[in-house]
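Notes follow once the structure below has been shown.
Order of the sequence lines sets the chain letters (A, B, ...), proteins ahead of strands, with each chain counted from 1. Since this is a predicted model, take the numbers as computed values, not measurements.
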Amino acid sequence: MSGIQRATGMQDTLPDDWPYWDLVMNTATRLARDYGFDRIDIPILEYTELFERGVGTASDVFVQKEMYTIAEPNGKDLSLRPEFTAGVTRAFLENGMGSWSQPVKLFMFGPIFRRERPQAGRYRQHSQFNAEIMGEMDPASDIEVMMLAMNLYRELGYRGLAFQLNSTGCRACRPAYVAKLSAYLRQFEDQLGDVDKERLAKNPLRVLDSKAPGMDELLADAPHLVDHLCDDCADHFGELRQLLDALDQRYTVNFRLVRGLDYYEKTVFEVWAEGIGAQAALCGGGRYDLSPEIGGHSVPSVGFGSGVERIILGLKEAGIEPPAAVEPPVLIAHFGGVTKVAATQLAFRLRHAGIGTWVAFASGRRSMKSQMREADKRAVRYVLVLGESEIEKGVIAVRPMQGGEQTIVDSTQIVTWLKEAGC
RNA sequence: GCGGGUGUGGUGUAGGGGUUAACACGUCUGGUUGUGGCCCAGAAGAUCGUGGGUUCAAAUCCCACCACUCGCCCCA
C-alpha cells in the first residue's frame with residue numbers, strides 16, 4: 001500500500017489482541033499485589049543524562065546508538081526510556097522513598113523504546129512489566145522477584161519453563177575472574193569470530209554469551225564465575241539456591257548467562273520458554289544498585305523486566321486462548337424517522353441500566369434483513385425491534401437470536417426482562 | 001549497522017512482456033409488504049511497494065531505494 005505507514009518497529013495493537021493484553025496485565029497485576037507490590041508509573045521521557053549515567057556506564061551501545069533522543073532548546077536533551085531501572089531509581093530518590101517502610105516494592109507497565117532492528121518478539125517500541133524490590137539485600141527478596149515472574153508465566157499457562165541462574169559477582173570479585181577468563185579465552189583467540197574477538201578486548205564476559213558455533217566446546221573448560229565469588233557473593237548465591245531448593249524450584253546454573261546491562265551484580269536470572277524465535281527469554285533480571293550512579297546513597301535492589309509482546313507471542317504459539325472480550329448482548333433495530341429517535345432513547349436507557357447495546361445506524365432507510373444480518377455478525381443474543389406499531393402500543397418486539405420464540409415485551413419492562421434473561 | 005527472504009484489492013493467493021489484472025474469504029446492498037445464519041444476484045475496493053531504466057508495449061525484464069520479515073550485534 002502507499003501512503004504513510006507505521007514507523008519501523010512499531011506495532012498497532014488491534015482489538016483482537018486486547019484479550020491477550022488484558023489477560024497478561026490483569027494476571028500480572030493480581031500476582032504483584034498478592035506479593036505486596038504497589039503500582040508506580042514514571043515518565044516515558046527522562047533527561048538523557050539519567051540514562052547516560054544509569055545505563056550508560058553499563059552499556060554504551062544503548063545510550064549512543066539505541067536511544068531515541070529529543071534535542072531541547074535549553075540543552076537538556078530528553079530521551080525515550082530504553083528501560084525502567086534508571087527511571088525508578090530516580091523516582092525512588094526524588095520522592096524520598098528511602099524514608100518509606102523498607103524495602104519498597106514496586107511494579108510498573110509501560111512502553112520502552114530501543115532503536116534496534118526488529119525481529120520476532122522484539123520491537124522498537126515494546127511494553128514491559130517490571131517489578132523491583134528496592135532497599136533490600138536479603139536473597140529472599142531475590143526469590144520473591146524471581147517467583148513473581150515464574151508464577152506469572154505459570155498462571156498464564158506456559159509449560160516447560162526454566163530458571164536460568166547465575167551470579168555476576170560484585171566489584172570486589174568480578175575483576176579477578178574477568179582476568180582469569182580473558183587468559184583462558186586468549187588461548188583460543190584465533191578460533192574466535194570477529195565479534196567475539198572484539199568482545200574479548202572490550203568486555204570478555206560477553207564472550208560467554210556468544211551464539212557462534214563451536215562455543216560450547218571452546219568454553220568447556222572455561223572458569224565459572226560462581227567458583228570465583230568473594231565470600232559475600234558466595235553466601236548470597238548459596239542462600240538463594242537453598243531457598244530455591246526449599247521451594248522445589250528447578251533451575252539451571254548457567255555460567256554463560258551474562259546480562260547485557262552489566263550494572264547487575266550478584267544475582268542474574270532469566271526465565272526461558274521454548275518457541276519464541278531466537279528470543280527464548282521471557283524476562284531478564286537481577287540485582288543492581290544504580291542509585292550511586294545518579295547521585296544517591298546505596299539502594300540495593302533486585303528486579304526484572306518482561307516484554308508483554310513477547311509473552312503474548314508465546315501464548316499464541318502455545319495455543320493458549322484468553323477469555324473472549326465481552327460484547328453487547330443486544331441490538332436495536334428500527335426503521336428511521338421517529339423510530340430512530342425512539343431507538344436512540346432506548347439504547348441509552350439500556351446502557352444506563354448496564355446493558356451493553358448496539359443500535360443499527362442508517363442514514364436512510366435500511367431493510368430489516370440488513371439489520372438482522374448485522375445482529376448476526378455481532379453475535380448478539382437479542383434484537384429489539386422498535387417500529388411504528390411497537391411505539392404505538394408501547395411495546396418492543398424481542399427476537400432471540402439463539403433460538404426461541406419472538407416475544408412482545410412492554411416497553412417499561414424491557415430492562416427487567418433483559419436482566420432476567422441474563423443480559 | 002550487517003546478512004538472507006518477501007513485496008499484486010481489507011486478508012490469503014493466481015498471473016511471469018501485449019488492449020477491461022483473476023480467484024477465494026471478507027465488506028456493503030438487494031432477493032417485494034418490518035426479521036439473521038445457508039443459498040442467489042449485484043456493488044464497492046488494487047494505477048500490481050516506490051522511483052528510474054530497457055521496449056512500440058512492463059504487474060511481468062534490469063537497477064536503486066523503501067517497507068515487511070527472519071537472523072547477527074544488542075536485548076524483554
Quiz item: Does A/Thr8 make a side-chain N or O approach to OP1 or OP2 of B/C68 shorter than 4.0 Å?
Solution: yes
Practice problem: Record whether the side chain of A/Arg114 comes under 3.5 Å of the base of B/A76 through a donor-acceptor pair of N or O atoms. | Solution: yes
Self-check item: Paired nucleotide for B/G42 [Watson-Crick or G-U wobble; both distances under 3.5 Å]
Solution: B/C28
Quiz prompt | Distance below 4.0 Å between A/Ser306 side-chain N/O and B/A76 OP1 or OP2 | solution = no
Quiz item: Is the base of B/U69 touched by the side chain of A/Gln119 through a donor-acceptor pair closer than 3.5 angstrom?
Solution: no
Going by atom type alone, with no hydrogens or angles, which donor-acceptor pairs under 3.5 Å involve a side-chain atom of residues 33-44 of chain A and a protein atom two or more places apart or on another chain?
unit_1  : atom_1 : unit_2   : atom_2 : d
A/Tyr35 : OH     : A/Asn151 : ND2    : 2.7
A/Arg39 : NE     : A/Asp41  : OD1    : 3.0
A/Arg39 : NH2    : A/Asp41  : OD1    : 3.2

Practice problem: Test side chain to side chain donor-acceptor pair (under 3.5 Å) on A/Asp142 and A/His236 and set out the steps. | Solution: CA-CA 10 Å; A/Asp142 302 32; A/His236 190 97; 2.9 Å; yes
Practice problem: Within residues 378-391 of chain A, find the residues that approach RNA chain B with a heavy atom at under 4.0 Å, and present them sorted by residue number. | Solution: A/Val385, A/Ser389, A/Glu390
Quiz item: Side chains of A/Leu240 and A/Met146: closer than 4.5 Å at any heavy-atom pair?
Solution: yes
Exercise. Rounded to whole angstrom, note down the P distance from B/G15 over to B/C56.
Key: 28 Å
Practice problem: Could you measure between the two C1' atoms, the one in B/C23 and the one in B/C62, and give it in whole Å? | Solution: 30 Å
Using nucleotides 37-43 of chain B, report all nitrogen or oxygen pairs with the protein that are shorter than 3.5 Å.
unit_1 : atom_1 : unit_2   : atom_2 : d
B/G37  : O4'    : A/Asp376 : OD2    : 3.2

